[in-house]
Amino acid sequence: MDAFSLLKADHRKVAELFEQLESASGKNKLSVFEQIKSELELHTHIEETVFYPAVEEPKETHDLTLEAYEEHDVVKKLLQELSRARSVSDEWEAQAKVLQENVEHHVDEEENELFKKASKVLSRQEIETLGEQLESEKARKQRGAASKTSSSKKSARSNKSASKTTAASRAPKRTRKGSKKSSGWKSSGTKSRGRSGSKKSASKKR
């Protein structure tokens, strides 16, 4: 897949997620937003790591590339602000709409201006090579994200297991202490009654 086709496929995927966001409600809306956030973070990363450096130098695409960097910064800030929310409010909805509009504007400029000019300054081979590099970096980033998620889940499970073990180890200690006290009280009572009984029987014999 060439660079432009790969990036456009990302754009289509995010556009579909924004459509889902509009029709979703409550926790489902936050869930869809997390998908949008994940896709946009991955997309902006591969563009800034692989694609933009390749089109930043040529005069024809220089200014558009710098503008694209700035637009990415705006999107990142909006994503950070929106991700802090634990529930959907009217303000959150309005801010999500601003995010969507910013992304749509960015996509429109990239596909209709930057990509068109870049296709003229890059050779066919360069475009194919960039596509391979974008794909490779995308896969590397996704593996890293999956690894982090797996590690955090393992950590959470081990923490739960540790807390259960601690609670379990404390419980028997309390039981043992209680049983010792109980046992001591009963045995002393039994002994005193035994001694008292034997003295009484001895006096009767006399």
Side-chain angles (χ1 to χ4, degrees), residues 5-53 64-112 114-115 133-171 174:
S5 297
L6 186 148
L7 295 175
K8 284 179 179 178
D10 280 359
H11 292 166
R12 299 292 87 76
K13 187 172 184 178
V14 171
E16 288 172 7
L17 286 171
F18 271 119
E19 287 180 8
Q20 291 179 33
L21 187 70
E22 288 180 352
S23 59
S25 60
K27 289 184 178 180
N28 286 336
K29 193 176 280 285
L30 289 176
S31 177
V32 175
F33 167 73
E34 284 302 317
Q35 293 178 59
I36 291 172
K37 182 173 179 283
S38 177
E39 288 295 329
L40 286 175
E41 286 177 342
L42 180 59
H43 180 75
T44 55
H45 170 77
I46 63 171
E47 279 194 327
E48 292 178 4
T49 305
V50 178
F51 183 65
Y52 289 172
L64 285 169
T65 306
L66 294 183
E67 188 177 336
Y69 276 118
E70 293 299 321
E71 289 171 352
H72 274 193
D73 286 342
V74 172
V75 167
K76 289 174 187 176
K77 286 174 185 174
L78 286 167
L79 286 172
Q80 285 180 351
E81 290 173 17
L82 285 162
S83 64
R84 294 193 191 105
R86 292 293 171 265
S87 60
V88 175
S89 63
D90 290 341
E91 290 78 10
W92 190 93
E93 293 264 20
Q95 203 164 31
K97 193 64 182 174
V98 171
L99 172 67
Q100 182 178 356
E101 289 169 354
N102 272 271
V103 170
E104 288 173 349
H105 170 76
H106 175 71
V107 167
D108 184 60
E109 282 200 341
E110 272 197 343
E111 293 189 1
N112 295 311
L114 181 57
F115 289 1
Q133 292 172 347
L134 286 165
E135 209 161 23
S136 176
E137 180 60 20
K138 190 174 187 178
R140 186 195 69 78
K141 192 75 174 174
Q142 286 173 322
R143 283 195 302 272
S147 176
K148 283 182 181 178
T149 302
S150 176
S151 297
S152 63
K153 284 181 179 179
K154 284 180 181 177
S155 176
R157 282 198 297 270
S158 64
N159 287 340
K160 283 182 180 178
S161 176
S163 64
K164 284 180 180 178
T165 303
T166 303
S169 66
R170 284 174 182 164
R174 287 194 295 269

Mind checking the CD-CG spacing from Glu47 to Leu40? Nearest 0.5 Å is all I need. 10.0 Å
With sequence neighbours left out, write down each residue that passes salt bridge (Lys or Arg N to Asp or Glu O under 4.0 Å) with Glu41, or none if nothing qualifies. Lys37
Keeping to residues at least two apart or across chains, list the ring-ring contact (aromatic ring centres under 6.0 Å, His included) pairs with something in residues 70-98. Phe33-Trp92, Tyr52-His72, His72-His106
Just jot down the side chain to side chain donor-acceptor pair (under 3.5 Å) partners of Arg143, sequence neighbours excluded, or say none. none
Roughly how far, to the nearest 0.5 Å, is CG of Leu79 from CD1 of Ile36? 9.0 Å
Using salt bridge (Lys or Arg N to Asp or Glu O under 4.0 Å) as the criterion, list what pairs up with Glu137, not counting sequence neighbours. Arg140
So does Lys27 get a backbone contact from the side chain of Ser31, meaning a donor-acceptor N/O pair under 3.5 Å? no
Rounded to the nearest 0.5 Å, what separates atom CG in Asn28 from atom CG in Leu21? 10.5 Å
Please enumerate all residues that pass side chain to side chain donor-acceptor pair (under 3.5 Å) together with Lys141, with sequence neighbours excluded. none
Please enumerate all residues that pass salt bridge (Lys or Arg N to Asp or Glu O under 4.0 Å) together with Glu67, with sequence neighbours excluded. none
CA sep, side-chain torsions, deciding dist, call: Leu17, Gln20, side-chain contact (heavy atoms from CB on, under 4.5 Å): CA-CA 5 Å; Leu17 286 171; Gln20 291 179 33; 4.1 Å; yes
What residues, two or more places apart in sequence or in another chain, satisfy ring-ring contact (aromatic ring centres under 6.0 Å, His included) together with Phe18? none
Between Ala24 and Val32, which heavy-atom pair has the shortest distance, and what is it? CB-CG2, 4.3 Å
Could I get the full list of side chain to side chain donor-acceptor pair (under 3.5 Å) partners for Lys76, not counting sequence neighbours? Glu48
First locate atom NZ of Lys8, then atom CD of Glu111, and finally report the distance between them rounded to the nearest 0.5 Å. 5.5 Å
Any donor-acceptor N/O pair, Asp108 side chain to Glu104 backbone, under 3.5 Å: no
For residues 77-103, pull every pair meeting salt bridge (charged side-chain N to carboxylate O under 4.0 Å, His left out), keeping only residues two or more places apart or in separate chains. Glu22-Lys97, Lys29-Glu93
I would like to know whether Glu70 and Asp73 meet side-chain contact (heavy atoms from CB on, under 4.5 Å); could you show each step before the answer? CA-CA 5 Å; Glu70 293 299 321; Asp73 286 342; 4.3 Å; yes
Decide yes or no for Lys13 and Asp10: does some side-chain heavy atom of the first lie under 4.5 Å from some side-chain heavy atom of the second? no
Ser5: which residues meet the side chain to side chain donor-acceptor pair (under 3.5 Å) condition with it, sequence neighbours left out? Asp2
Does any part of the side chain of Leu6, heavy atoms only, come nearer than 4.5 Å to the side chain of Ile46, both counted from C-beta? yes
Restricting to salt bridge (Lys or Arg N to Asp or Glu O under 4.0 Å), what partner residues turn up for Glu109, sequence neighbours left out? none
Let me confirm one number: the CG-CD distance from Leu64 to Glu71, rounded to the nearest 0.5 Å. 9.0 Å
For His43, check ring-ring contact (aromatic ring centres under 6.0 Å, His included) against everything at least two apart and list the hits. His11
